[in-house]
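Each remark here refers to the structure printed beneath this line.
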Amino acid sequence: MKNLFEINEKIRSAADKAMELCRAHFEEIERIKEYNQQKMLKAFQEYHVSEAMFAGSTGYGYDDRGRDTLDKIYAYVFDAEDALARQHFLSGTHTLTVALFGVLRPGDEMLSVTGTPYDTIQPVIGITECSGSLVDFGVRYSEVDLLSDGTVDLEGVKKAVAEKKPKMVYIQRSKGYAQRPSLRNKEIKAICDIVKPLSPDTVIMLDNCYGEFTEVESPITVGVDLMAGSMIKNAGGGIAPTGGYIAGRADLVELCAYRLSTPGTGRELGCTLGTLREMYLGAYHAPVATAEAIKTAVFASALFEVLGYDVEPNYRQRRGDIIDVITLGTPEKLCAFCRGIQSGSPIDSFVTPQPSPMPGYDSDVIMAAGAFTLGSSIEISADGPLREPYAVYLQGGISFATAKISVMLAAQEVEKVQ
Ligand SMILES: *Cc1c(COP(=O)(O)O)cnc(C)c1O
(Lines give C-alpha, C1' and ligand atoms only; values in the text may rest on other atoms or scores of the structure.)
Protein backbone atom coordinates (compact mmCIF):
# COMPACT_ATOMS: atom_id res chain seq x y z
CA MET A 1 0.00 0.00 0.00
CA LYS A 2 1.20 3.50 -0.78
CA ASN A 3 1.52 6.07 1.99
CA LEU A 4 -1.17 8.17 0.27
CA PHE A 5 -1.18 11.00 2.78
CA GLU A 6 2.57 11.21 3.43
CA ILE A 7 2.32 10.51 7.12
CA ASN A 8 5.72 10.27 8.79
CA GLU A 9 7.14 7.26 10.55
CA LYS A 10 6.68 8.67 14.05
CA ILE A 11 2.94 9.24 13.63
CA ARG A 12 2.41 5.95 11.81
CA SER A 13 4.02 3.97 14.60
CA ALA A 14 2.14 5.94 17.28
CA ALA A 15 -1.08 5.22 15.37
CA ASP A 16 -0.29 1.49 15.27
CA LYS A 17 0.24 1.52 19.00
CA ALA A 18 -3.02 3.48 19.49
CA MET A 19 -4.93 0.91 17.41
CA GLU A 20 -3.54 -1.87 19.59
CA LEU A 21 -4.79 -0.04 22.70
CA CYS A 22 -8.22 0.54 21.14
CA ARG A 23 -8.95 -2.98 19.96
CA ALA A 24 -10.94 -4.28 22.93
CA HIS A 25 -12.85 -0.98 23.17
CA PHE A 26 -13.77 -1.11 19.48
CA GLU A 27 -15.36 -4.51 20.08
CA GLU A 28 -17.65 -2.97 22.70
CA ILE A 29 -18.56 -0.13 20.29
CA GLU A 30 -19.38 -2.71 17.59
CA ARG A 31 -21.60 -4.58 20.02
CA ILE A 32 -23.62 -1.44 20.82
CA LYS A 33 -23.82 -0.56 17.11
CA GLU A 34 -25.08 -4.01 16.18
CA TYR A 35 -27.92 -3.87 18.69
CA ASN A 36 -28.98 -0.31 17.81
CA GLN A 37 -28.77 -1.00 14.09
CA GLN A 38 -30.89 -4.14 14.42
CA LYS A 39 -33.40 -2.20 16.53
CA MET A 40 -33.61 0.35 13.70
CA LEU A 41 -34.27 -2.47 11.19
CA LYS A 42 -36.99 -3.80 13.49
CA ALA A 43 -38.62 -0.35 13.56
CA PHE A 44 -38.64 -0.14 9.74
CA GLN A 45 -40.31 -3.54 9.53
CA GLU A 46 -42.75 -2.89 12.37
CA TYR A 47 -44.14 0.20 10.59
CA HIS A 48 -44.07 -1.30 7.08
CA VAL A 49 -41.78 1.30 5.55
CA SER A 50 -42.22 1.20 1.78
CA GLU A 51 -40.69 3.07 -1.12
CA ALA A 52 -43.94 5.00 -1.70
CA MET A 53 -43.37 6.76 1.64
CA PHE A 54 -40.37 8.60 0.17
CA ALA A 55 -42.52 10.54 -2.33
CA GLY A 56 -43.07 13.55 -0.07
CA SER A 57 -45.84 16.11 -0.02
CA THR A 58 -46.37 19.76 -0.91
CA GLY A 59 -48.42 22.64 0.47
CA TYR A 60 -49.91 21.91 3.89
CA GLY A 61 -48.58 18.37 3.80
CA TYR A 62 -51.80 16.77 5.06
CA ASP A 63 -51.79 12.96 5.27
CA ASP A 64 -48.08 12.63 4.58
CA ARG A 65 -47.60 8.98 5.51
CA GLY A 66 -43.85 9.11 5.04
CA ARG A 67 -43.54 11.98 7.53
CA ASP A 68 -45.87 10.43 10.09
CA THR A 69 -44.19 7.02 9.88
CA LEU A 70 -40.75 8.56 10.37
CA ASP A 71 -42.04 10.01 13.66
CA LYS A 72 -42.99 6.46 14.69
CA ILE A 73 -39.58 5.05 13.69
CA TYR A 74 -37.77 7.49 15.98
CA ALA A 75 -40.27 6.88 18.80
CA TYR A 76 -39.60 3.14 18.48
CA VAL A 77 -35.79 3.30 18.55
CA PHE A 78 -35.83 5.76 21.46
CA ASP A 79 -38.36 3.67 23.44
CA ALA A 80 -40.58 6.77 23.54
CA GLU A 81 -44.39 6.99 23.47
CA ASP A 82 -44.18 9.50 20.65
CA ALA A 83 -41.76 11.57 18.58
CA LEU A 84 -41.52 14.39 16.05
CA ALA A 85 -38.65 13.70 13.63
CA ARG A 86 -38.75 16.39 11.05
CA GLN A 87 -36.80 18.54 8.67
CA HIS A 88 -38.85 21.55 9.81
CA PHE A 89 -36.54 21.98 12.78
CA LEU A 90 -33.80 24.39 11.69
CA SER A 91 -31.06 23.27 14.10
CA GLY A 92 -30.50 21.58 17.44
CA THR A 93 -31.03 24.89 19.19
CA HIS A 94 -34.33 25.46 17.39
CA THR A 95 -35.51 21.95 18.28
CA LEU A 96 -34.70 22.49 21.95
CA THR A 97 -36.40 25.90 21.79
CA VAL A 98 -39.61 24.36 20.42
CA ALA A 99 -39.55 21.79 23.24
CA LEU A 100 -38.94 24.41 25.95
CA PHE A 101 -41.60 26.84 24.70
CA GLY A 102 -43.93 23.90 24.02
CA VAL A 103 -43.91 22.76 27.63
CA LEU A 104 -43.23 25.84 29.79
CA ARG A 105 -45.82 28.52 30.65
CA PRO A 106 -45.54 31.95 32.33
CA GLY A 107 -44.87 31.50 36.05
CA ASP A 108 -43.34 28.02 35.62
CA GLU A 109 -39.86 27.35 36.91
CA MET A 110 -37.10 25.72 34.85
CA LEU A 111 -34.21 24.26 36.84
CA SER A 112 -31.02 23.35 34.98
CA VAL A 113 -29.12 20.71 36.96
CA THR A 114 -26.02 20.59 34.76
CA GLY A 115 -24.90 24.17 35.37
CA THR A 116 -25.22 26.86 32.71
CA PRO A 117 -26.50 25.38 29.42
CA TYR A 118 -24.78 25.40 26.03
CA ASP A 119 -24.00 28.84 24.59
CA THR A 120 -26.79 29.04 22.01
CA ILE A 121 -29.43 28.01 24.58
CA GLN A 122 -28.58 30.95 26.86
CA PRO A 123 -30.46 33.64 24.89
CA VAL A 124 -33.37 31.19 24.46
CA ILE A 125 -33.75 30.95 28.23
CA GLY A 126 -32.81 34.59 28.83
CA ILE A 127 -29.56 33.94 30.74
CA THR A 128 -28.09 36.37 28.25
CA GLU A 129 -30.81 38.96 27.83
CA CYS A 130 -32.83 38.53 24.67
CA SER A 131 -36.25 39.74 23.63
CA GLY A 132 -38.63 36.79 23.24
CA SER A 133 -36.70 34.54 25.64
CA LEU A 134 -38.42 32.27 28.16
CA VAL A 135 -37.63 34.77 30.92
CA ASP A 136 -39.12 37.54 28.79
CA PHE A 137 -42.32 35.47 28.70
CA GLY A 138 -42.38 35.14 32.50
CA VAL A 139 -40.72 31.75 32.97
CA ARG A 140 -38.47 31.64 36.04
CA TYR A 141 -35.05 30.11 35.66
CA SER A 142 -32.46 28.79 38.10
CA GLU A 143 -29.57 26.37 38.01
CA VAL A 144 -27.61 23.98 40.18
CA ASP A 145 -23.89 24.42 39.54
CA LEU A 146 -21.73 21.44 38.71
CA LEU A 147 -19.23 20.30 41.35
CA SER A 148 -15.61 21.36 40.95
CA ASP A 149 -14.77 18.09 39.14
CA GLY A 150 -17.53 18.83 36.60
CA THR A 151 -19.96 16.16 37.83
CA VAL A 152 -23.60 16.76 38.81
CA ASP A 153 -24.19 17.98 42.39
CA LEU A 154 -26.83 15.40 43.33
CA GLU A 155 -27.20 16.76 46.88
CA GLY A 156 -27.74 20.24 45.44
CA VAL A 157 -30.30 18.87 42.98
CA LYS A 158 -32.17 17.14 45.81
CA LYS A 159 -32.32 20.36 47.83
CA ALA A 160 -33.37 22.55 44.91
CA VAL A 161 -36.08 20.16 43.68
CA ALA A 162 -37.52 19.65 47.18
CA GLU A 163 -37.68 23.39 47.72
CA LYS A 164 -38.87 24.62 44.31
CA LYS A 165 -40.84 21.68 42.84
CA PRO A 166 -39.97 23.08 39.41
CA LYS A 167 -42.14 22.51 36.34
CA MET A 168 -39.02 21.33 34.49
CA VAL A 169 -35.66 19.85 35.36
CA TYR A 170 -33.27 20.37 32.45
CA ILE A 171 -30.28 18.12 31.82
CA GLN A 172 -27.58 18.70 29.20
CA ARG A 173 -25.87 15.45 28.31
CA SER A 174 -22.94 16.63 26.24
CA LYS A 175 -20.25 18.98 27.54
CA GLY A 176 -20.54 21.73 24.92
CA TYR A 177 -17.43 23.94 25.26
CA ALA A 178 -17.25 23.28 29.01
CA GLN A 179 -14.49 21.36 30.74
CA ARG A 180 -16.66 18.65 32.22
CA PRO A 181 -17.43 15.01 31.52
CA SER A 182 -20.44 14.25 29.33
CA LEU A 183 -23.20 12.24 30.97
CA ARG A 184 -23.94 8.58 30.39
CA ASN A 185 -27.34 7.02 30.99
CA LYS A 186 -26.36 5.85 34.46
CA GLU A 187 -25.68 9.46 35.51
CA ILE A 188 -28.91 10.64 33.89
CA LYS A 189 -30.73 7.87 35.79
CA ALA A 190 -29.22 9.05 39.08
CA ILE A 191 -30.75 12.51 38.49
CA CYS A 192 -34.17 11.08 37.51
CA ASP A 193 -34.18 8.81 40.58
CA ILE A 194 -33.77 11.86 42.81
CA VAL A 195 -36.27 14.13 41.04
CA LYS A 196 -39.21 11.75 40.49
CA PRO A 197 -39.99 10.73 44.11
CA LEU A 198 -39.58 14.32 45.36
CA SER A 199 -41.63 15.95 42.63
CA PRO A 200 -43.57 13.49 40.44
CA ASP A 201 -45.11 16.26 38.28
CA THR A 202 -41.76 17.74 37.26
CA VAL A 203 -40.97 17.21 33.57
CA ILE A 204 -37.42 15.92 33.12
CA MET A 205 -36.08 17.24 29.84
CA LEU A 206 -32.79 16.22 28.24
CA ASP A 207 -30.65 18.03 25.68
CA ASN A 208 -29.56 14.78 24.01
CA CYS A 209 -27.35 16.38 21.33
CA TYR A 210 -24.44 14.03 20.44
CA GLY A 211 -25.81 11.33 22.75
CA GLU A 212 -28.04 9.30 20.39
CA PHE A 213 -27.10 5.64 19.80
CA THR A 214 -23.95 5.85 21.95
CA GLU A 215 -25.41 3.33 24.39
CA VAL A 216 -27.82 0.41 24.22
CA GLU A 217 -30.43 2.04 26.45
CA SER A 218 -32.41 5.15 25.57
CA PRO A 219 -32.47 7.95 28.17
CA ILE A 220 -36.27 7.61 28.09
CA THR A 221 -36.01 4.19 29.77
CA VAL A 222 -34.01 5.64 32.68
CA GLY A 223 -36.65 8.27 33.48
CA VAL A 224 -36.34 11.19 31.02
CA ASP A 225 -39.78 12.55 30.00
CA LEU A 226 -38.75 14.52 26.92
CA MET A 227 -35.56 14.81 24.89
CA ALA A 228 -34.41 16.59 21.76
CA GLY A 229 -31.50 16.59 19.35
CA SER A 230 -30.24 17.54 15.92
CA MET A 231 -30.44 15.55 12.68
CA ILE A 232 -27.07 16.89 11.51
CA LYS A 233 -25.46 15.20 14.48
CA ASN A 234 -25.79 11.49 15.44
CA ALA A 235 -29.53 11.15 14.83
CA GLY A 236 -29.42 11.83 11.09
CA GLY A 237 -26.58 9.44 10.28
CA GLY A 238 -24.65 12.00 8.22
CA ILE A 239 -27.31 11.73 5.51
CA ALA A 240 -30.32 13.73 6.74
CA PRO A 241 -29.73 17.17 5.18
CA THR A 242 -31.34 19.12 8.05
CA GLY A 243 -33.83 18.76 10.91
CA GLY A 244 -34.21 17.64 14.48
CA TYR A 245 -36.27 15.39 16.70
CA ILE A 246 -38.22 15.57 19.93
CA ALA A 247 -39.16 12.31 21.65
CA GLY A 248 -40.85 11.35 24.90
CA ARG A 249 -44.21 11.33 26.64
CA ALA A 250 -47.08 11.61 24.15
CA ASP A 251 -48.81 14.52 25.93
CA LEU A 252 -45.59 16.56 25.93
CA VAL A 253 -44.74 15.75 22.31
CA GLU A 254 -48.21 17.00 21.35
CA LEU A 255 -47.54 20.32 23.11
CA CYS A 256 -44.29 20.59 21.14
CA ALA A 257 -46.15 19.91 17.88
CA TYR A 258 -48.45 22.83 18.71
CA ARG A 259 -45.42 25.05 19.13
CA LEU A 260 -43.72 23.74 15.98
CA SER A 261 -46.74 24.49 13.79
CA THR A 262 -49.83 26.00 15.45
CA PRO A 263 -52.12 25.17 18.37
CA GLY A 264 -54.83 23.02 16.85
CA THR A 265 -53.09 21.84 13.70
CA GLY A 266 -50.01 20.44 15.51
CA ARG A 267 -48.34 17.47 13.85
CA GLU A 268 -50.79 17.20 10.94
CA LEU A 269 -49.05 20.04 9.14
CA GLY A 270 -45.69 20.34 7.41
CA CYS A 271 -44.92 19.29 3.85
CA THR A 272 -41.79 17.24 3.24
CA LEU A 273 -41.06 18.06 -0.43
CA GLY A 274 -38.31 15.72 -1.63
CA THR A 275 -36.43 15.07 1.63
CA LEU A 276 -37.96 11.88 3.00
CA ARG A 277 -35.71 9.33 1.32
CA GLU A 278 -32.66 10.99 2.83
CA MET A 279 -34.36 11.31 6.21
CA TYR A 280 -35.11 7.56 6.21
CA LEU A 281 -31.68 6.58 4.91
CA GLY A 282 -30.12 8.82 7.55
CA ALA A 283 -32.17 7.22 10.32
CA TYR A 284 -31.21 3.78 9.06
CA HIS A 285 -27.52 4.71 8.97
CA ALA A 286 -27.45 6.63 12.28
CA PRO A 287 -26.28 3.82 14.60
CA VAL A 288 -23.46 2.99 12.15
CA ALA A 289 -22.38 6.62 11.73
CA THR A 290 -22.42 7.11 15.50
CA ALA A 291 -20.24 4.03 16.05
CA GLU A 292 -17.74 5.28 13.44
CA ALA A 293 -17.63 8.65 15.23
CA ILE A 294 -17.06 7.01 18.63
CA LYS A 295 -14.26 4.87 17.18
CA THR A 296 -12.69 8.07 15.82
CA ALA A 297 -12.91 9.69 19.27
CA VAL A 298 -11.45 6.65 21.04
CA PHE A 299 -8.61 6.43 18.50
CA ALA A 300 -7.86 10.16 18.86
CA SER A 301 -7.72 9.79 22.65
CA ALA A 302 -5.35 6.84 22.40
CA LEU A 303 -3.10 8.49 19.81
CA PHE A 304 -2.77 11.78 21.68
CA GLU A 305 -2.21 9.94 24.96
CA VAL A 306 0.62 8.02 23.28
CA LEU A 307 2.01 11.39 22.12
CA GLY A 308 1.82 12.73 25.68
CA TYR A 309 -1.26 14.98 25.72
CA ASP A 310 -4.15 15.26 28.20
CA VAL A 311 -7.37 13.88 26.74
CA GLU A 312 -10.98 13.74 28.01
CA PRO A 313 -12.28 11.08 28.13
CA ASN A 314 -9.40 8.62 27.77
CA TYR A 315 -9.66 5.66 25.37
CA ARG A 316 -10.53 3.25 28.21
CA GLN A 317 -13.64 5.11 29.34
CA ARG A 318 -17.14 4.31 28.10
CA ARG A 319 -18.82 7.22 26.37
CA GLY A 320 -22.23 8.88 26.46
CA ASP A 321 -21.48 11.13 23.47
CA ILE A 322 -19.07 11.47 20.53
CA ILE A 323 -17.01 14.44 21.76
CA ASP A 324 -13.29 14.14 22.38
CA VAL A 325 -11.35 16.92 24.08
CA ILE A 326 -7.60 17.15 23.61
CA THR A 327 -5.67 19.76 25.58
CA LEU A 328 -2.97 21.09 23.29
CA GLY A 329 -1.64 23.89 25.49
CA THR A 330 -0.79 26.58 22.92
CA PRO A 331 -2.73 28.55 20.29
CA GLU A 332 -0.23 27.40 17.63
CA LYS A 333 -0.95 23.73 18.35
CA LEU A 334 -4.71 24.33 18.43
CA CYS A 335 -4.55 25.93 14.98
CA ALA A 336 -2.21 23.17 13.73
CA PHE A 337 -4.68 20.50 14.87
CA CYS A 338 -7.55 22.17 13.00
CA ARG A 339 -5.39 22.55 9.86
CA GLY A 340 -4.65 18.82 10.00
CA ILE A 341 -8.31 17.84 10.34
CA GLN A 342 -9.27 20.19 7.50
CA SER A 343 -6.56 18.76 5.24
CA GLY A 344 -7.96 15.26 5.83
CA SER A 345 -11.54 16.22 4.90
CA PRO A 346 -13.31 15.14 1.70
CA ILE A 347 -14.69 18.66 1.06
CA ASP A 348 -12.57 21.84 1.16
CA SER A 349 -9.41 19.89 2.07
CA PHE A 350 -7.36 22.65 0.42
CA VAL A 351 -8.48 25.53 2.65
CA THR A 352 -6.76 26.70 5.83
CA PRO A 353 -8.99 27.38 8.83
CA GLN A 354 -8.33 30.70 10.59
CA PRO A 355 -9.39 31.83 14.07
CA SER A 356 -12.13 34.44 14.01
CA PRO A 357 -14.56 36.17 16.40
CA MET A 358 -17.86 34.39 17.05
CA PRO A 359 -21.01 35.86 18.57
CA GLY A 360 -21.28 34.77 22.19
CA TYR A 361 -17.56 34.19 22.74
CA ASP A 362 -15.08 36.57 24.33
CA SER A 363 -12.18 34.90 22.50
CA ASP A 364 -11.66 33.97 18.85
CA VAL A 365 -12.75 30.48 17.77
CA ILE A 366 -11.12 28.23 15.17
CA MET A 367 -13.10 25.57 13.32
CA ALA A 368 -12.22 22.81 10.89
CA ALA A 369 -15.11 21.43 8.89
CA GLY A 370 -14.96 19.81 5.49
CA ALA A 371 -18.40 18.30 5.34
CA PHE A 372 -21.06 17.35 2.78
CA THR A 373 -23.67 19.10 4.93
CA LEU A 374 -22.99 22.65 6.10
CA GLY A 375 -22.30 22.61 9.83
CA SER A 376 -22.69 18.85 10.14
CA SER A 377 -20.78 17.66 13.18
CA ILE A 378 -21.42 13.92 12.79
CA GLU A 379 -18.96 14.34 9.93
CA ILE A 380 -15.46 14.87 11.25
CA SER A 381 -14.95 18.37 12.59
CA ALA A 382 -12.82 20.12 15.19
CA ASP A 383 -13.10 23.45 16.92
CA GLY A 384 -11.96 25.32 19.96
CA PRO A 385 -11.85 28.80 21.51
CA LEU A 386 -8.41 30.46 21.49
CA ARG A 387 -8.08 30.67 25.24
CA GLU A 388 -6.49 28.64 28.06
CA PRO A 389 -6.06 25.67 28.11
CA TYR A 390 -6.17 25.67 24.28
CA ALA A 391 -8.28 22.52 24.12
CA VAL A 392 -9.69 21.24 20.85
CA TYR A 393 -13.14 19.67 20.64
CA LEU A 394 -13.16 16.87 18.09
CA GLN A 395 -16.31 15.19 16.92
CA GLY A 396 -17.71 13.03 14.19
CA GLY A 397 -16.35 10.76 11.51
CA ILE A 398 -18.97 8.90 9.48
CA SER A 399 -16.23 6.63 8.16
CA PHE A 400 -13.50 5.62 10.60
CA ALA A 401 -11.06 4.78 7.80
CA THR A 402 -10.97 8.39 6.59
CA ALA A 403 -11.49 10.04 9.98
CA LYS A 404 -8.43 8.13 11.22
CA ILE A 405 -6.36 9.80 8.48
CA SER A 406 -7.70 13.22 9.53
CA VAL A 407 -6.70 12.57 13.15
CA MET A 408 -3.22 11.35 12.09
CA LEU A 409 -2.74 14.45 9.92
CA ALA A 410 -3.82 16.59 12.89
CA ALA A 411 -1.24 14.83 15.08
CA GLN A 412 1.45 15.35 12.44
CA GLU A 413 0.68 19.08 12.19
CA VAL A 414 0.67 19.45 16.00
CA GLU A 415 4.01 17.65 16.31
CA LYS A 416 5.56 20.04 13.77
CA VAL A 417 4.94 22.97 16.15
CA GLN A 418 7.95 23.58 18.43
C1 LIG B 1 -24.87 21.04 19.18
C2 LIG B 1 -25.51 21.26 20.47
C3 LIG B 1 -26.73 21.93 20.57
C4 LIG B 1 -27.47 22.47 19.38
O5 LIG B 1 -26.67 23.17 18.54
P6 LIG B 1 -27.06 23.54 17.03
O7 LIG B 1 -25.76 24.04 16.51
O8 LIG B 1 -28.10 24.58 17.10
O9 LIG B 1 -27.53 22.31 16.35
C10 LIG B 1 -27.29 22.07 21.82
N11 LIG B 1 -26.69 21.59 22.92
C12 LIG B 1 -25.50 20.94 22.86
C13 LIG B 1 -24.89 20.41 24.10
C14 LIG B 1 -24.89 20.74 21.64
O15 LIG B 1 -23.73 20.08 21.57
Side-chain angles (χ1 to χ4, degrees), residues 84-101 110 112-125 127-128 130 133-134 143 146 150 152 168 170-184 187-188 191 205-214 219 224 226-238 240-247 256 260 282 286 289-290 293-294 297 312-313 319-325 358-361 365 367-369 371 373-385 391-396:
L84 294 166
R86 304 196 171 200
Q87 80 271 45
H88 307 107
F89 293 113
L90 310 179
S91 64
T93 304
H94 180 230
T95 313
L96 288 157
T97 301
V98 168
L100 290 169
F101 277 88
M110 168 185 180
S112 167
V113 295
T114 40
T116 306
Y118 187 68
D119 304 75
T120 58
I121 310 298
Q122 294 176 19
V124 175
I125 296 169
I127 299 169
T128 44
C130 195
S133 69
L134 287 165
E143 54 191 43
L146 295 167
V152 178
M168 176 184 284
Y170 184 85
I171 305 170
Q172 181 182 306
R173 183 174 188 166
S174 191
K175 57 175 60 72
Y177 275 140
Q179 299 275 339
R180 60 121 160 147
S182 298
L183 303 188
R184 291 184 50 215
E187 284 112 14
I188 296 168
I191 299 169
M205 176 171 162
L206 176 70
D207 171 354
N208 198 32
C209 280
Y210 291 127
E212 303 86 359
F213 308 116
T214 56
V224 165
L226 192 69
M227 62 184 194
S230 165
M231 289 294 187
I232 63 168
K233 297 180 178 175
N234 309 16
T242 183
Y245 74 86
I246 295 173
C256 297
L260 170 61
T290 302
I294 300 176
E312 206 302 307
R319 294 174 186 240
D321 72 359
I322 65 169
I323 311 290
D324 207 52
V325 188
M358 274 250 292
Y361 291 93
V365 176
M367 295 190 164
T373 298
L374 184 66
S376 166
S377 46
I378 185 65
E379 299 180 61
I380 192 158
S381 48
D383 40 74
V392 72
Y393 293 72
L394 173 75
Q395 60 269 314

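Keep in mind the model is a prediction, meaning the values are calculated, not measured. By convention here, the first residue in the shown sequence is residue 1. Whatever order the structure lists them in is the order used to number ligands and atoms, beginning at 1.
When side chains are defined from C-beta on, Arg319 counts as touching Pro313, because their heavy atoms get closer than 4.5 Å. Within the 4.5 Å cutoff, no side-chain heavy atoms of Leu90 are placed close to those of Thr242.
Pairs of residues two or more places apart, or lying in two chains, that qualify as salt bridge (Lys or Arg N to Asp or Glu O under 4.0 Å) and include a residue from residues 85-97 are Asp68-Arg86, Asp71-Arg86.
Every protein residue with a heavy atom nearer than 4.0 Å to ligand 1 is included here: Ser91, Gly92, Thr93, Leu96, Tyr118, Gln172, Asp207, Cys209, Tyr210, Lys233.
The side-chain contact (heavy atoms from CB on, under 4.5 Å) test applied to Ser377 returns Tyr210, Lys233, Ser381, Gln395, not counting sequence neighbours. Shown here are the salt bridge (charged side-chain N to carboxylate O under 4.0 Å, His left out) partners of Glu143, two or more places apart in sequence or in another chain: there are none.
In this structure a side-chain-to-backbone donor-acceptor pair under 3.5 Å is missing from Gln87 to Pro241.
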